[in-house]
Every structure is written in C-alpha cells, then in structure tokens.
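Just so it is clear: chains get the letters A, B, ... in the order the sequence lines come, proteins before strands, and each one is counted from 1.
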2 protein chains.
Amino acid sequence: METINPNHTVESLNDLLTAHDIKPTSQRLEIARLLFAHHNHFAAEEIFSMINHGSHSQINSASQNSVSKATVYNTLGLFARKGLVREVIADPNKVFYDPNTRPHYHMYDPSSGELTDISADTVQISGLPAAPSGREVEGVDIVVRLRRLE
Amino acid sequence: METINPNHTVESLNDLLTAHDIKPTSQRLEIARLLFAHHNHFAAEEIFSMINHGSHSQINSASQNSVSKATVYNTLGLFARKGLVREVIADPNKVFYDPNTRPHYHMYDPSSGELTDISADTVQISGLPAAPSGREVEGVDIVVRLRRLE
DNA sequence: TTTCCATTTAGAATCATTATAAACGTTTGC
DNA sequence: GCAAACGTTTATAATGATTCTAAATGGAAA
C-alpha cells in the first residue's frame, strides 16, 4: 500500500538536488517530488503518465505541470548517475527507479508488476567473491522472484 | 539432472530436450548445442548471429544451418518455460540465457557486458522474507554489479 | 496419400529507450 | 539592461530487442 510523505517541501527538494550537484529546474523538482513523495518504485513511463494524466498537480498551482517524455528519461538517468535514486533491474521490459539509495533488496512479482522492498537489516549475505582486478563492486542486487501458487 | 558437458552429442541433446518435454527439432537442437557446448551466457541476438554469421557450421556439411530470428526467440522462451535454461535479468537491454539451472549467482560488468557465474556453494544468505500469501518464491537472483576502478 | 497439427518463417508491429536538432531560458560579461 | 553563451527542454525520429501475425512447411497419423 502506498503512502504519501508530505514532509518534502519544495525547499527541501531544492536542497536535495543541489546537494547532489543537480541544478534544480521545475521539471526536475516535479519528478523528484513524485519519487520522494511516494514510497514506491516507478518506471519512466509511469512517471511520465503520472505527470501528464495524473492527479498530482499542486492545489494552488495555476500552471499545468507538464514534462516531456525525453525530459523524464533524461532526468531519471541524471538522478541515477548523481546517486539521488537507484536503478532496479528486475523486469526485462522496464527499469524501475528507487528513491531509496541505502542498501536494501527487492521482491518482484512479474504477474502483478509489483516491486517491494526487503530491508537489509534482517538479511545476511556472506561468501560473495571479490571483484576482479581493475573492477570494484558497485552494489549487490538481490531480487526474490515470485510466482502465483498453482 | 543434466550436467554441463562440452561433449554433447546429438543423441544426448536429443534426450535432454525430450526429458524436458520439448520435441527435438533441428533448430532446437542447434540452439541447445550452442548453449550447452559453451560455458557462457548468451543473449538471443548473440545466438542468432552465432548461428547465421558464426563459424559453427560444419565444413563438409552441405546443409547451411540457419535459424530465423523468430525461432531463436521462440525457442529460448520455450527452453526457459520448460526449465531447460534460466533467464538472467542483469542488463536492461537484453535477457541472458543460462544453461545452468542449478542455484548459483552472477557477477555483471556493464562496461564489458561480461556475465560470470558465482557458485552457490560458498555463498550464504539468510533472513529473506517469505513469499506473501498466494505466491511462492520462484528463485533468488543475486547480481554483483561491477564498475571500472576510477 | 491426405489430413492434421505443430513448427518455422519473413516481415510487420510494439515498446521502452536514446539520439537529434531546434527552441527555450538563464546566467554571465559587458 | 542587453546580448552572447550555455545548459535545459522539447518534439520527433531513430534504435534495438522482443513479440505478433499469418502464411508456408513438415512430420506424424489416419
């Protein structure tokens, strides 16, 4: 179930982007707001349609917020490169963007498309090999794949 | 269960497909031979080009081995559904097919496209949550993402 | 044989994503 | 304040993996 976090003001989002070396434009703030207000993972196309057909515009805003598809993709790529969000590769058809960049894992149900978090606190992994020379480990992704019971 | 053996004969491949409830056609045998002869993961497009532009045709063979792109995709999907191979979701741009269906994990280097196995023998994981009701865990994928050292 | 059913095929369609090149908006230098 | 310079956004085209479609093929069975 999805909850909305109202504790992200335009100010704090501004600071968040700035702290990650991202110039805060209105489009970037709009996308960041969507990502950080919901406790959910979104694909680029979902974010695009939430902004354009969705009911997420500010109450008092006179301007109809609209961001082009190209900008949505560019911005999510930028956010990921700057470490503001994390890409989750769990479905071959689309990339999910996760506003939680702290270590944690995922559970994925392809039949519903639902991607949920697994806290890293309770999970123990050991025995993973070191990176080969010239490389370093960027991260460890764990995806628990689910299927409908027969 | 099947073991990976570089000396797969046409007969043993035949049996392998039959044991997995797959009718062995010449195209399916050709694709299975590629997958099981190499200790490697391949994407559909790689298999397609190995068959068509690759150096895998018999020198003295009068028959030019050629499998259409549609059949390569259909066959790999069939193999995966029947449990003969496993899909590996590590790169957003393509699905890898892994002839090793026993539990094991992967290391992925996006900069080279190299996907290598991590044996499950040395890896310990605990504390993963159970599947929600109505679902079961199909598998646990671990991908150690690599990056070039700066 | 002739029929039937699965398999294969070429090519079109799809869909997420990326590239292109123009338009736009801000900042900066004067 | 004004204009060049630069980064950002945009519509649109292009890409590339994958899936779909509908026809052709081929083997098994009657």
Scoring nucleotides 12-23 of chain C by protein non-hydrogen atoms under 4.0 Å (B base, S sugar-phosphate only, - none) yields ----SBBB----

Contact state string [nucleotides 25-30 of chain D, B base, S sugar-phosphate only, - no protein heavy atom under 4.0 Å]: ------

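Contacts of Glu114(B) classified as salt bridge (Lys or Arg N to Asp or Glu O under 4.0 Å), with partners at least two apart in sequence or in another chain: none. Here Asn40(B) pairs with nothing under the side chain to side chain donor-acceptor pair (under 3.5 Å) rule; sequence neighbours left out. With sequence neighbours excluded, the residues satisfying salt bridge (Lys or Arg N to Asp or Glu O under 4.0 Å) with Asp21(B) are Lys82(B). Remark: Arg86(B) pairs with Asp141(B) by the side chain to side chain donor-acceptor pair (under 3.5 Å) rule, at least two apart or across chains. Remark: Asn14(A) engages no residue in a side chain to side chain donor-acceptor pair (under 3.5 Å) (not counting sequence neighbours). For Phe48(B), the ring-ring contact (aromatic ring centres under 6.0 Å, His included) test picks out no residue, with sequence neighbours left out.
Atoms CG (Leu76(A)) and P (dT9(D)) sit 12 Å apart, rounded to a whole Å. With rounding to whole Å, Leu29(A) atom CG is found 13 Å from dT8(D) atom C1'. Atom-to-atom, CG of Leu78(A) to C1' of dG7(D) comes out at 12 Å; the value is rounded to the nearest Å. We find that CD1 of Ile22(A) is positioned 16 Å from C1' of dT9(D), with the value rounded to whole Å. With rounding to whole Å, Gln27(B) atom CD is found 10 Å from dA10(C) atom P. What separates CG of Asp91(A) from C1' of dT19(D) is a distance of 15 Å, to the nearest Å. A straight line from CZ of Arg81(B) to C1' of dT18(D) spans 14 Å, rounded to a whole angstrom.
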Decide side-chain hydrogen bond (donor to acceptor under 3.5 Å, both in side chains) for His41(A) and Asp117(A); before the verdict, give the C-alpha distance in whole Å, the side-chain angles of both, and the deciding distance to 0.1 Å. CA-CA 9 Å; His41(A) 315 81; Asp117(A) 280 353; 2.8 Å; yes

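Here Thr71(A) lies in heavy-atom contact (under 4.0 Å) with a base.
Within the structure, every pair that satisfies the ring-ring contact (aromatic ring centres under 6.0 Å, His included) test and touches residues 107-150 of chain A, not counting sequence neighbours, is listed here: Phe96(A)-Tyr108(A).
Salt bridge Arg135(B)/Glu138(B): absent, no basic N to carboxylate O contact under 4.0 Å.
Out of dT8(C), dT10(D), dT8(D), the shortest distance to the side chain of Thr25(A) is found at dT8(D).
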